[in-house]
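Read the numbers this way: they start at 1 and go in the same order the structure lists the ligands and their atoms.
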Amino acid sequence: MGADDRKRVTILGATGSIGVSTLDVIARHPDRYRIAALTAHGNVDRLEQQCLAFHPEQAVVRQASAAADLQRRLRARGLNTEVLAGPDALTAVAGDAGSDTVVAAIVGAAGLEPTLAAVRSGKRILLANKESLVMAGSLFMQAVREYGATLLPLDSEHNAVFQCLPPAFSPAHPFATGIRRVLLTASGGPFRQTSAEALAAVTPAEACAHPNWSMGRKISVDSATLMNKGLELIEACWLFGLPGEAVDVVVHPQSIIHSLVEYVDGSLLAQLGNPDMRTPIAHALAYPERIDSGVNGLDLVASGALQFERPDTERFPCLALAYQAHAAGGDACISLNAANEVAVDAFLAGGLRFTDIPRLIAEALERLGVESVVDLDDVVSRDRRARLVAQEVAGRW
Ligand code: NAD
Ligand code: MG
């Protein structure tokens, strides 16, 4: 491949867990990829190191003062990276013609608008930011079709499902190729065996110590409550055009099988591998080719027995709340996601017990009711309103 043929990659949320893993894969293939833009929120020092290593054309940070400072530091090192600041610059860079591939790796609702901007520019989108599909799945998938974008899942479960689907699969006719259902695996998180009583006293540090995966703090708490699997079931419904009844969850503590697809003939196809996000990232970057990800092959004998359990929705009500919100439709998933973000922030700040996370979400959902959603303005305003209601509920406790 000649230098001019290299894919130009923009990473939204470059300094996070997914962003760092993506750069690790890209660094192994300088002949295939170059970096168009890198964005970060607060971690400007890490972004500076990444700019020095990958020479992006553009970089984006949150604050104008930090942008000016970074611009000066990069110039002093001989780099002509243009440094921009704020949400509008982030959205502009996401949709900029300077890239063909955008890795959507911002955490939470903040990822929605930049990710949609990338979709509307018709690029290849590598989606880690599941919250954007949870909030705006219908508008998002409509934009993918309308603007001819290519959407590839980075979430390990969805990437596994994608790898197990037949080439003729289309989300427009999900059952036409003999699929019966999708089975998402869940590790069960750090509290899989913790009693209901003990759950009330767990700390943020314990919740963020995931047994198999190393991830950002928000998704780590989501994994501990099983809300991550709830968000993922909604994500799977949108990505693959499936009804909620065709997406099941099974707890698999080893995180070796990343998900499965069941066919009408009784076949179950699975994707296996060591739990390392560089595998799905490399898959989506190179698709339909395959490239080295830096992940070792799986030693089946060493990994030993694989276990499977039914999820316990009594101790972990968030999964059931997600199924309910998805079935309710309208703006219920926007409310679910917003209340969850408020609850997780409060828990991480020490202001809410772990077991209050599902309680807060349930009460906020009840108070908010369900209304229909027409456009992106609706999504943004319902998100804002749901946050206010969730904060109000938390304030009264
Ligand atoms: P993280 O917290 O490690 O990183 C988040 C990134 O987003 C950082 O670069 C941060 O600077 C940026 N960011 C945060 N708030 C922002 C804001 N308001 N505006 C702009 N940028 C902002 O998170 P992560 O673990 O890398 O997860 C990122 C996304 O990927 C999440 O949606 C998560 O659910 C999803 N995901 C992560 C993993 C994983 O293994 N970490 C696996 C599957 C899916
Ligand atoms: Mg996942």
So, at under 2.8 Å, which protein N, O or S atoms would a careful student list around the Mg ion (ligand 2)? Asp155 OD1, Glu157 OE1, Glu232 OE2

Pair Arg387 + Glu392, salt bridge at N-O below 4.0 Å: no

Sequence neighbours excluded, which residues qualify as side chain to side chain donor-acceptor pair (under 3.5 Å) partners of Arg180? Glu262

So that I can tick it off, tell me whether Glu363 and Arg396 are bridged by a salt bridge, with the cut-off set at under 4.0 angstrom between side-chain N and carboxylate O. yes

Salt bridge present between Glu131 and Lys218 (N-O < 4.0 angstrom): yes

Do Arg8 and Glu57 meet the salt-bridge criterion of a basic N to acidic O distance under 4.0 Å? no

Validate the cation-pi geometry between Arg359 and Trp397: distance from NZ or CZ to the six-membered ring centre under 6.0 Å, angle to the ring axis within 45°. yes

Provide, line by line, the atom pairs where ligand 1 and the protein bring an N/O atom each to a distance under 3.5 Å; else say none.
unit_1   : atom_1 : unit_2 : atom_2 : d
ligand 1 : 3 (O)  : Ser17  : N      : 2.9
ligand 1 : 9 (O)  : Gly13  : O      : 3.3
ligand 1 : 9 (O)  : Thr15  : N      : 3.3
ligand 1 : 9 (O)  : Thr15  : OG1    : 2.8
ligand 1 : 9 (O)  : Gly16  : N      : 3.1
ligand 1 : 11 (O) : Thr15  : OG1    : 3.3
ligand 1 : 11 (O) : His41  : N      : 2.9
ligand 1 : 18 (N) : His41  : NE2    : 3.4
ligand 1 : 19 (N) : His41  : ND1    : 3.2
ligand 1 : 25 (O) : Gly216 : N      : 2.8
ligand 1 : 26 (O) : Ser17  : N      : 3.1
ligand 1 : 26 (O) : Ile18  : N      : 3.0
ligand 1 : 30 (O) : Ala128 : O      : 3.4
ligand 1 : 32 (O) : Glu131 : OE1    : 2.7
ligand 1 : 41 (N) : Ser17  : OG     : 3.2

Does this structure show an ion pair linking Arg181 with Asp248, if we count only N-O contacts that are shorter than 4.0 Å? yes

Which pairs pass side-chain hydrogen bond (donor to acceptor under 3.5 Å, both in side chains) with one or both residues in residues 136-152, sequence neighbours excluded? none

Is it true that Glu235 and Lys229 have a side-chain N and a carboxylate O under 4.0 angstrom from each other? no

